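Keep in mind the model is a prediction, meaning the values are calculated, not measured. Letters A, B, ... mirror the listed sequences (proteins, then strands); counts begin at 1.
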Amino acid sequence: MSANMYGLTEGALEKIMKGVDVDKPVFQMLGYKKLPNKDGTIGNDRYRLLVSDGKNMNSFTMLATQLNHLIENNILTEYAICKVSNYHLSSVNSGGKEKRVILIMGIEVTTPGSKVGCKLGNPTNIESKSEADSTTADKSTGQTTGRYQTNGTAQRSNSNNYGSSDISTTPIAALSPYQNKWVIKVRVTNKSPIRTWSNSRGEGKVFSMDLIDESGEIRCTAFRDMCDKFYDMLEIGNVYYISRCQLKAANKQFNSLKNDYEMTMTNDTEIVPCHENIEDIPTLQFNFCSISQVENKERNDIIDVLGVVTTFNDVQHIVKRNTGQEFVKRDINIVDDSNAMVSVTLWGKQAEDFDGSNNPIIAIKGARIGEFNGGKNLSLLNSSTLEKDPDLPEAHRLRGWYTTVGPSENAKSLSRVGGGGDFNAPLHTFEEATEARLGEKLNIPDSYTVMATICLIRVENSIYKACPVESCKKKLIDQSTGIFRCEKCNRDYPNFVYRLLASMNIADATGSRWITAFSEDAEKILGMSAQELGELKENDNEAYMQKFGDANFKRFMFSLRAKSEVFQDEMRVRHTCSSVAPLNYKTHLTHLIDKVSKLVHIERLESN
DNA sequence: CCCCCCCC
């Protein structure tokens, strides 16, 4: 098929790579690759595109991260014809060699790939190395600045000029430690308070801010003198020209922005407020993860989240244990259309001022995952930003869902409130459980909660060497040669993981049951991890036995599942522990009050 | 060079 049928700009790639401006070139998309993430985090994807102009192809084309949705929502698909409204040619250092990369910051699909259906023309691959002849282009723009090219040689963005002067700016996405002569035009989306620190390596003060432009985002940190110099002039929401900061690899543990790098101000750093064409610089960017995904995140992960506020608690005054310092907090619950709910903690003035009435939608950038009582929750940090009822397409979609469908009755709550844990099942004595014939129905398990004492915990066969495959967990056959066989996987492994499957008799004043507690619950009861227990067993069997002995007469709140099963031709009720919590004075009291209030409620119903 | 972000 002819390349011209769809108006591809033949020869554009060759020109662009040589540093010649091409106005709104039309390309065909031939494929893309998700670049591997260095730190294994999700949500920071970057896509490398293979584009064709009908004559040449170029695979050193990157998509600005805020355009990722075009790939993820299948808009920019294979064979699609697209008009590039904004791009930037930059150099990257790849294994000591300079490579030229086209960064796409504005693109519009003019004909969907499904309609085109094939590769147009017979394009050949274009060389991405920076060749000797391409430096002529550098000279033409007056930017011959040494080994690494410091700025775009070809740019098509009206916003990238200082008013009438022609000093061009660099997109954030093109910044790297390998170049130092750049000016970025960015909006400050967040600014932390100034904080002081003192440790073995010294003391000082620091603040950081988040910057954004049309190509991406980056964190910028200022230490000591730089705090004094720039803190007051920098305002959230305003646009600045910034130059001469030190780039370094981003520490993803503390920085969730979509950028491999972060930067630090230096004595040479210049920051100038910008008032021209500031509307070209976007405002806050979110990278939402659905609430159901929160369940699988790790503690301390930083995420962006969007949800409808279903309930909100009063503010609470709490005291930090080690410093005695007082804090104000407020917990709220949010849901989204993944049908999951999570608790979010706000702090300080934000907590005091928060009004959760009329089910507002909140968008949070940089919330931190926490764990409590076996559940997950979210907490705002100093670096987090919260927007109420944001004017975002995702928010309008979520509002539509909430008003038409709404959360279902079985929406999954990922958070566990203090004290009782996930013990929503009715609290019973064993006698009551017997009277209610719990667990005797066929195929339907019954859940209930008991407060009970461990009478006897079996030490035999409680710990086993299990298949290292997380989804398998099968007991391995120790071949005494340092090799372990899993019959389920039909494989030999050099390693194993310890797992617990503890059988115990628990009793309250009215009766008792034999129950089975699995890994996490058994670990809580024994006060040691399966791994530690396994090693203890190897090294000091007596101490290992003692650990189990120590568990006897301990009292816990057990969440139990009772289910009928056939065992040796007989029906029996098998009890498994689905959650266990320490039975302290407060949980005891909370559940007692809960129970009494239920009884009072029933009594009222009956007397009416 | 910070990296604390609190409580049940």
Engineer: Between B:dC2, B:dC5, B:dC8, which nucleotide has the shortest distance from any of its atoms to the side chain of A:N382?
Structural biologist: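 From the listed options, B:dC5 comes nearest.
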
Engineer: In whole angstrom, what separates A:I302's CD1 from B:dC2's P?
Structural biologist: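 So the two atoms are 18 Å apart, to the nearest Å.
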
Engineer: Whole angstroms only, please: what is the CG-P distance between A:L386 and B:dC5?
Structural biologist: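 Value for this atom pair: 20 Å.
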
Engineer: Is it true that A:N377 and A:S415 share a donor-acceptor pair across their side chains at a distance under 3.5 Å?
Structural biologist: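 Short answer, no.
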
Engineer: Check whether the side chain of A:R224 and the base of B:dC1 form a donor-acceptor pair under 3.5 Å.
Structural biologist: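 By the distance-only test, yes, there is a pair.
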
Engineer: By nearest heavy atom, map A:I318 and A:T264 onto DNA chain B; which one lands nearer the 5' end?
Structural biologist: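 On the 5' side of the pair lies A:T264.
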
Engineer: Would one find a side-chain N or O of A:W347 under 4.0 angstrom from OP1 or OP2 of B:dC5?
Structural biologist: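 So the side chain of A:W347 is outside the cut-off, no N or O lying under 4.0 Å from OP1 or OP2 of B:dC5.
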
Engineer: Please pick, from B:dC4, B:dC7, B:dC2, the nucleotide with the shortest atom-to-atom distance to any side-chain atom of A:K248.
Structural biologist: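 Between B:dC4, B:dC7, B:dC2, the one nearest the side chain of A:K248 would be B:dC2.
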
Engineer: Kindly assign one of parallel, tilted or perpendicular to the pair A:Y448 and A:H575, based on the angle between their ring planes and the thresholds 30° and 60°.
Structural biologist: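 Plane angle over 60°, so perpendicular.
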
Engineer: Using a 5.5 Å cut-off between ring centres and planes within 30 degrees, is A:F223 stacked on the base of B:dC1?
Structural biologist: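 Yes; centroid distance and tilt both under limits.
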
Engineer: Under 4.0 Å between any heavy atoms, over every strand shown, what does A:E203 touch: base, sugar-phosphate, or nothing? Just pick one.
Structural biologist: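 No contact.
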
Engineer: Does A:T345 put a side-chain nitrogen or oxygen below 4.0 Å from OP1 or OP2 of B:dC6?
Structural biologist: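 The answer is no; no side-chain N or O of A:T345 sits under 4.0 Å from OP1 or OP2.
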
Engineer: Using whole Å, what does the distance between atom C1' of nucleotide B:dC2 and atom CG of A:D225 come to?
Structural biologist: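 Rounded to the whole Å, the gap is 16 Å.
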
Engineer: A:F207 CZ to B:dC5 C1': how many Å, rounded?
Structural biologist: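 From A:F207 CZ to B:dC5 C1': 18 Å.
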
Engineer: Have a look at A:S208 and say if it touches a base, only the backbone sugar-phosphate, or nothing, with a 4.0 Å heavy-atom cut-off.
Structural biologist: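 Result for A:S208 = nothing.
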
Engineer: Counting just side-chain N and O atoms, does A:R201 come under 4.0 Å of either OP1 or OP2 of B:dC2?
Structural biologist: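 The answer is yes; a side-chain N or O of A:R201 sits under 4.0 Å from OP1 or OP2.
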
Engineer: Aromatic rings A:F556 and A:F558: how do their planes relate, parallel, tilted or perpendicular, breaks at 30° and 60°?
Structural biologist: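 Perpendicular, since the angle between the ring planes exceeds 60°.
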
Engineer: Could you walk me through whether A:R244 and A:E270 pass the salt bridge (Lys or Arg N to Asp or Glu O under 4.0 Å) check?
Structural biologist: CA-CA 7 Å; A:R244 297 201 195 110; A:E270 281 179 20; 3.1 Å; yes

Engineer: May I ask whether A:F372 stacks on the base of B:dC8, given the cut-offs of 5.5 Å between ring centres and 30° between planes?
Structural biologist: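 By the stated criterion, A:F372 and B:dC8 stack.
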
Engineer: Specify the separation, in whole Å, of atom NZ of A:K329 and atom P of B:dC8.
Structural biologist: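 Result: 9 Å.
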
Engineer: For A:I369 and B:dC6, give me the distance from atom CD1 to atom P, rounded to whole Å.
Structural biologist: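 It works out to 13 Å between those atoms.
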
Engineer: Please give, in whole Å, the distance from B:dC7 P to A:E371 CD?
Structural biologist: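 Computing the A:E371:CD to B:dC7:P distance gives 15 Å.
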
Engineer: Measure from NZ on A:K205 to P on B:dC1 and round the result to the nearest Å.
Structural biologist: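 In whole Å, B:dC1 P lies 19 Å from A:K205 NZ.
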
Engineer: Can any side-chain N or O of A:R330 pair as donor or acceptor with the backbone N or O of A:N313 at less than 3.5 Å?
Structural biologist: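 A pair under 3.5 Å: yes.
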
